[in-house]
Amino acid sequence: REIFRMHASQEEDDAVTEARRAAEQVMANSQPIELRPRASHVRRLQHRVIRRFDLHSESIGVEPTRRVKIYK
C-alpha cells in the first residue's frame with residue numbers, strides 16, 4: 001500500500017481499530033471476542049493486527065456474516 005501510495009478506506013481503518021481494541025481486551029481478560037462481519041480482504045488485515053499481539057484468530061461463520069474471532 002505504501003509503495004503505491006494507496007490509502008486505506010474508512011472501512012479498513014475502522015476494522016483495524018476494532019481489531020486492535022479487541023486484541024487489547026483479550027489480552028486483559030483472556031476472554032475470546034468476535035469482531036463485526038467483514039469482507040475477506042478486511043478480515044485479512046484484522047488477522048495481521050491480531051498476530052502482532054501474539055494472539056490467535058480465526059474466521060468463523062458464513063458469508064455475509066463471516067467474522068474474526070480472537071483468542072488468547
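In what follows, every heavy atom counts, from backbone to side chain, and hydrogens, waters and symmetry copies are set aside.
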How many angstroms lie between atom [atom1] of [X] and atom [atom2] of [Y], to the nearest 0.5 angstrom?
X   : Y   : atom1 : atom2 : value
R21 : I33 : CZ    : CD1   : 12.5 Å
E18 : L35 : CD    : CG    : 4.5 Å
Q31 : K72 : CD    : NZ    : 10.5 Å
I50 : M27 : CD1   : CE    : 12.5 Å

**Item:** Same apolar cluster (I L V M F W Y, side chains within < 4.5 Å links), V49/L45
**Value:** yes

**Item:** Same apolar cluster (I L V M F W Y, side chains within < 4.5 Å links), L55/V68
**Value:** yes

**Message:** Which residues pass the salt bridge (charged side-chain N to carboxylate O under 4.0 Å, His left out) test with R20, not counting sequence neighbours?
**Reply:** E24

**Asked** Are any of the side-chain heavy atoms of Q46 and R38 separated by less than 4.5 Å?
**Response** yes

**Asked** Less than 4.5 Å apart, any side-chain heavy atom of I60 and any of E34?
**Response** yes

**Item:** Residue pairs fulfilling salt bridge (charged side-chain N to carboxylate O under 4.0 Å, His left out) with at least one residue in residues 54-66, sequence neighbours excluded
**Value:** R43-E63

**Fill in**
Residues I70 and A19: closest non-hydrogen pair is CD1-O, 4.2 Å

**Item:** Minimum heavy-atom distance between P37 and P64, given as atom pair plus value
**Value:** CB-O, 3.7 Å

**Prompt:** Do N29 and Q25 pass the side-chain hydrogen bond (donor to acceptor under 3.5 Å, both in side chains) test, and can you show the C-alpha distance, the side-chain angles, and the key distance before you say yes or no?
**Reply:** CA-CA 6 Å; N29 64 28; Q25 287 181 343; 5.8 Å; no

**Message:** Out of the candidates R44, H47, K69, only one should pair with S59 under the side chain to side chain contact (heavy atoms under 4.5 Å, CB included) rule; please name it.
**Reply:** H47

**Prompt:** Checking side chain to side chain contact (heavy atoms under 4.5 Å, CB included) for the pair R51/H56: CA distance, chi angles, key distance, verdict?
**Reply:** CA-CA 7 Å; R51 277 194 300 269; H56 303 282; over 6 Å; no

